[in-house]
J.: 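Could you have a look at this structure, given as structure tokens, before my questions?
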Amino acid sequence: MATLKAVRGTRDLLPPETALWNRIEATARAVFARYNFGEIRTPVFEDTSLFSRGVGEETDIVSKEMYTWEDRARAQSEKPQSLTLRPENTAGVVRAYIEHKLGETGQLQKLYYIGPQFRRERPQKGRYRQFSQIGAEVIGPPSAGSESPLRDAEVLEMLATLLDELGITGWTLDINSVGSSGDRARYNETLRQALIPLPPKMCEDCQRRAVTNPLRVLDCKVPEDQPIIETLPKIADSLDEASKSHFAAVLAALDAAGVPYTRNHRLVRGLDYYTRTTFEFTHGGLGAQNALLGGGRYDGLSEAIGGPKAPGIGFAMGEDRLVLTLQALEAARPEKSDAYIAPLGEAMNPPALALARELRRTGLSVELGDGTFRLKKSFYAADRIARRIVILGEDELKSGILTVKDFSTGIQTRVPRAELAAMLKVPSGQ
Ligand code: AMP
């Protein structure tokens, strides 16, 4: 029988890499808490129309990447329904905002999520069919200040802080404004006109986009098309006064906070719901799939899916890519345990468990060996997974003085049991 494997584009995450995932999530939760964000968990599947209406029929995600199926009715009272594994989480969050009438609180809602998303993309390094996003949204009625450019700048400043605290250095923030939906419609028309004579010289995708969704031409990565795209009109010239001043205020707040950015006229992003500010953080260490995260403002999304006016701004970071970046930066050496306890002989196993319990209760991470191991084997095993080894034989048990070896210095010391936990908490090599 053929062996079963994880489906193409999906993968198992194993230790020690999962420790890095956990560290990333813990750091993200801690940073979100400091900015007063609360966690939201929405279902992994939703009614298909949420995404076709919310994300946009014309986007690559909706037109070719969704996992959609007809869900059969199980009872007379049920109707068959088209369901889709969520390809992103913003639409789900906004659906929940509407469903639970969160706007009626009159407060800004600051929500974050961590979880799997699903897109039928061509898998490659950094691009998977099941991947995890860490994202956040600030959404609320205009009276709560949800349209303020300060919200955009604060989200970006939070992201800069989060990446710094994760140890991700060398990121680049690209930022642009795609204006209001009116500005975008005007720009789309300007682009459409400008593109009339050009497509025959461009790639097939661009030829199609020039007609269906001219804005998407700016996403094209085909090298031969780049000089042509550079000559196209810029969206900045189609913005109305309100969008221009919003963008200027976002940039002024970023300048004041010292968050570095680059203005990128071509950053229009893959989702149709964006308005005004759009942004992307990239990292050179990632290769072709270099986007760490993307986001923007979506002032019309709630109304597009049948809700009240609820402007908002949010982002989604690719957790898989944070992991890859940290691994590339070598900031991710697997953490070793604080100590490995080596019982000398099987009779020492029970007191060794008692000692492990004593040390673990103080917060130390402890590996427990086995009394059937010879000392040489214990040392070999301990050296690979722990910073120090603690030897527990009959003499040590009786005298209450334990032998400890620090692997980074090779120094062996004798430590009274009462002082052992404190000693093991000192970083090794000291
Ligand atoms: P998007 O929802 O398309 O704006 O993507 C936001 C972020 O999610 C991107 O910057 C990537 O870091 C990550 N991402 C998107 N698609 C994938 C994928 N197929 N595999 C891994 N990460 C992804």
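Keep in mind that what you see is a predicted model, and the values were worked out from it rather than measured. Each ligand, and each atom within it, is numbered from 1 in the order the structure gives.
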J.: Which option wins on minimum heavy-atom distance to atom 5 (O) of ligand 1: Q133, R321, E88, Q289?
T.: Q133
J.: Please state which part of R119 comes within less than 4.0 Å of ligand 1, counting heavy atoms only: side chain, backbone, both or neither.
T.: side chain
J.: Report yes or no: is the cationic atom of R11 (NZ for Lys, CZ for Arg) under 6.0 Å from the centre of the six-membered ring of Y128, at an angle within 45° of the ring normal?
T.: yes
J.: What atoms of ligand 1 come closer than 4.0 angstrom to any heavy atom of A291?
T.: 10 (O), 11 (C), 12 (O)
J.: Hydrogens and angles aside, do Q133 and R86 bring a side-chain donor and acceptor to less than 3.5 Å of each other?
T.: no
J.: Short list, please: which atoms of ligand 1 are under 4.0 Å from a heavy atom of G126?
T.: 20 (N), 21 (C), 22 (N)
J.: Just to be sure I read this right, does ligand 1 sit under 4.0 Å from the backbone of R127, its side chain, both, or neither, counting only heavy atoms?
T.: both
J.: Look at atom 10 (O) of ligand 1 and find which of T59, I61, L293 reaches it with the closest heavy atom.
T.: L293
J.: Is the positively charged end of R120 above the ring of Y67, judged by distance under 6.0 angstrom from the centroid and angle within 45° of the axis?
T.: yes
J.: Would you say Y128 has any N or O atom under 3.5 Å from an N or O of ligand 1, going by distance alone?
T.: yes
J.: Ignoring hydrogens, what is the shortest heavy-atom contact between L329 and T169? Give both atom names and the distance.
T.: CD1-N, 3.9 Å
J.: Just by distance, no angles: are the side chains of E137 and Y298 close enough, under 3.5 Å, to form a donor-acceptor pair?
T.: yes
J.: Any idea which of Q117, E65, E121 brings a heavy atom closest to atom 19 (N) of ligand 1?
T.: E121
J.: If I apply the N/O under 3.5 Å rule, does A316 come out as touching ligand 1?
T.: no
J.: Which of these, F315, F118, F131, has its nearest heavy atom closest to atom 18 (C) of ligand 1?
T.: F131
J.: Parallel, tilted or perpendicular: which one describes the rings of F407 and F379, with boundaries at 30° and 60°?
T.: perpendicular
J.: Is E189 paired with R186 through a side-chain N to carboxylate O contact shorter than 4.0 Å?
T.: no
